[in-house]
Amino acid sequence: MTDDPLPQTIIHNYIHGQHVPPTTKQYLPVLNPTTSTPLATVPLSTSTDVTTAIHAAHAAFPAWSGRTVKSRAGILHRFHALLRQHAHEFAECIVRENGKNITEALADVAKGNETVEYACSLPQLMQGKIDRVSGEVSCRDRRDALGVVVSVVPFNFPLMVPLWTLPIAVVTGNTVRGWIGSSDFYPNAIVQNPTRVVQQCLTVWLSKIVLKPSEKVPMTMNKLTTLFEQAGFPPGVINLVHGTSEAVEALIDHPLVQAVTFVGSSPIARLVSERCHALHKRCIALGGAKNHLVALPDCHVESAAADIVVSYAGCAGQRCMAASVLLVVGGKESSEALVRAVVEKASRIEPGTEPGKMGAVIDGASHAKILGYIEQSERDGAEILLDGRSWIEKMAGRGGNWIGPTIIRHRNKMDRAMREEIFGPVLSVYHVDTWQEAIEIENSNPFGNAAAIYTTNGGSAEWFCSRFRAAMLGVNIGIPVPREPFSFGGLYGTKSKYGDMDITGDGAIEFFTNRIKITTKWPAPSAPEYTVGVDQEQHQQEVGVMQNGGTDHANFAGRM
């Protein structure tokens, strides 16, 4: 369990290498999810603070982008080593403000640093191409940084998600205007007047829950600024500003901001993408998920059950890659063996932040939302196979937002818990008779983030992987997160992804740069020593026309 013996931290904005208070002088409390005790205060800022940060990043851009990519990567190498050295300190900070257990927190740090490591290779990965394409004509390309870019990140991974974007953004030459925090909960709305609703939704979202990096978990990124300085990032390259609706709207709308990345709930992902694209700004906005696992009768019960439990209950289910629905296929006997194994393993999980235990959910609003889905399922006639509500009484004397692993067997595939994102440690189980029925259920959900198949037959796995409607697929892996150099992102055209490209790997290289193409033709040498024995008239006719011994009719160089 996590105690809170340390004094509360007063967090300020981080602009041009300095921690400065907001112009409002107003702050919000940060609470420990496991005890509900205060940890820190986080500031509210105005558009004035945002403008100051943007100008700092803009001023730093010419010198930073003017460095070689090798020079920028060298600073990131030092940052990578520092983060490895201080990994346990950051993991402990994540445990305190996020509530996940220490093993998961260490993985949060390690996965973030893995992207840092990938970005250290950018001197080799972002090289341009060059080729002689026609006669005297050659083409080459290069990658130019965009300028000031922004990352909007959620509470569930206080370090990993910011480090999905920052390393690649800065090594490609951009300067970063910090993180505005997002949330994975937002009330559903019917959009009748898009312009009005965008404004209203942004105001509700920002004024209540969006700060930078998040009003719920700002301590980790605030602590990371020390490593930025030790690694040698110049002032202004990385800036953090905490703000509400005025700050974020100013940030998105500011003409010096070139691109925005977002990870959070689907309604806000859509609004952020639409707002950015209305201003012709590049945006990648990753939304929510409803990830399906399909288990065939031939699956390895023991390993599948262990993996399913980790997928749906790990990090208290507060991750976009968490399993949400388990579709068991075939005869009752084989499917029941798997369900019993999943229930038995999940029932052994204890509350806490030590290794192997499950922490609290982030806040009271999330706790109430999860309870609502469980209670609604009961009213709809579903069977509660494992009831995590027992933790509420079990942990009543400690405080915090505790709810245990929950497993629900549904009789109706249209139950809300079967269709909507819960973002908590709840697994919906549903029996299907055929493969086609399983695919129809998975395909019909409006999200397109992840799906997985459990089987010992390769042909069966290929059948499902060719038919799943999701961008990140797993075979006997319930958390199919792509590792670098592969990029992370949901499926276009679904509620899991709005905007452009992907957020890590080679997708991020493409997102954070402009590809500049250069076509070159030099006049033929006219000095006598280069033209002895050459028919000049014939030579001039052939320049730019001949290619590999044949006529290049597609070449327009010097011809009409």
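Computed from heavy atoms alone, side chains included, the values below leave out hydrogens, waters and symmetry copies.
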Which atom of N401 lies closest to which atom of G364, heavy atoms considered
OD1-N, 3.6 Å

Backbone N or O of N156 within a donor-acceptor pair of the K100 side chain at under 3.5 Å?
yes

Indicate yes or no for a side-chain donor-acceptor contact from S36 to the backbone of G400 under 3.5 Å, with no hydrogens or angles considered.
yes

About how many Å separate CD1 of I238 and CD of E229, when rounded to the nearest 0.5 Å?
10.0 Å

State whether the number of non-hydrogen atoms from other residues, nucleotides or ligands found under 6.0 Å of Q18 atom CD is greater than 12.
no

Report yes if the side chains of L491 and R469 come closer than 4.5 Å at any heavy-atom pair, otherwise no.
yes

Contact summary for A285 and A269, nearest pair of heavy atoms:
CB-O, 3.3 Å

No-hydrogen, no-angle side-chain donor-acceptor test under 3.5 Å, T46 and T23:
yes

What orientation do F233 and W64 show, parallel under 30°, tilted 30 to 60°, or perpendicular over 60°?
tilted

With a 4.5 Å heavy-atom cut-off, do V263 and V153 have their side chains touching?
no

Is the backbone N or O of M219 less than 3.5 Å from a side-chain atom of E97, with the two atoms forming a donor-acceptor pair by type?
yes

Within-4.5 Å side-chain heavy-atom neighbours: V116 and N113
yes

For L256 and F61, run side-chain contact (heavy atoms from CB on, under 4.5 Å): C-alpha distance rounded to whole Å, both residues' side-chain angles, the deciding distance at 0.1 Å, then the answer.
CA-CA 11 Å; L256 293 179; F61 176 68; over 6 Å; no

Tell me, do L106 and H88 make a side-chain contact under 4.5 Å, heavy atoms counted?
yes

Over 12 non-hydrogen atoms of neighbours within 6.0 angstrom of CD1 in I518
yes

Would you say the side chain of I102 lies within less than 4.5 Å of the side chain of P355, judging by non-hydrogen atoms?
yes

Less than 4.5 Å apart, side chain to side chain, heavy atoms only: is that true for L39 and R96?
yes

Donor-acceptor contact present, side-chain N32 to main-chain T34, <3.5 Å:
yes

For atom NZ of K281, is the number of surrounding heavy atoms from other residues, nucleotides or ligands below 6.0 Å larger than 12?
yes

Using only atom types and a distance under 3.5 Å, with no angle test, would you say the side chain of S366 pairs donor to acceptor with the backbone of D363?
no

Are any side-chain N or O atoms of Q318 and backbone N or O atoms of V361, one a donor and one an acceptor, separated by less than 3.5 Å?
no

For G490, does its backbone N or O pair with a side-chain atom of S496 as donor and acceptor, under 3.5 Å?
no

For H55, does the NE2 atom have more than 12 heavy-atom neighbours from other residues, nucleotides or ligands under 6.0 Å away?
yes

State whether the side chain of N291 and the backbone N or O of S324 hold a donor-acceptor pair below 3.5 Å, judged by distance alone.
no

Side chain to side chain, P22 and N13, heavy atoms closer than 4.5 Å
yes

With the threshold set at 4.0 Å, does a side-chain nitrogen-carboxylate oxygen contact exist between K357 and E104?
no

Aromatic plane relationship, H19 with Y14 - under 30° parallel, 30 to 60° tilted, over 60° perpendicular:
tilted

For N222 and T9, does a side-chain donor sit closer than 3.5 Å to a side-chain acceptor?
no

Restricting to pairs with a member in residues 473-519, which pass ring-ring contact (aromatic ring centres under 6.0 Å, His included), not counting sequence neighbours?
W164-F488

Carefully, step by step, assess K111 and R483 under the rule side-chain contact (heavy atoms from CB on, under 4.5 Å).
CA-CA 9 Å; K111 184 64 181 76; R483 307 284 290 271; 4.0 Å; yes

I'd like to check the side chain to side chain donor-acceptor pair (under 3.5 Å) partners of E89; sequence neighbours left out, ordered by chain and number.
H86

Closest non-hydrogen contact found for P38 with L31 is CA-CD2, 3.8 Å

Does the side chain of R67 reach to within under 4.5 Å of the side chain of I75, using non-hydrogen atoms?
yes

Ion pair check, R515 and D141, cut-off under 4.0 Å
yes

Check for a donor-acceptor pair, side chain of K497 on one end and backbone N or O of M501 on the other, with a separation under 3.5 Å.
yes

Any idea which heavy atoms bring I403 and P425 closest together, and the distance?
O-CG, 3.9 Å

Answer yes or no: is there a donor N or O on one side and an acceptor on the other, between the side chain of Q258 and the main chain of V148, under 3.5 Å?
no

If you apply the rule side-chain contact (heavy atoms from CB on, under 4.5 Å), what do you find for I168 with Y118, and how did you get there?
CA-CA 8 Å; I168 299 173; Y118 171 79; 4.0 Å; yes

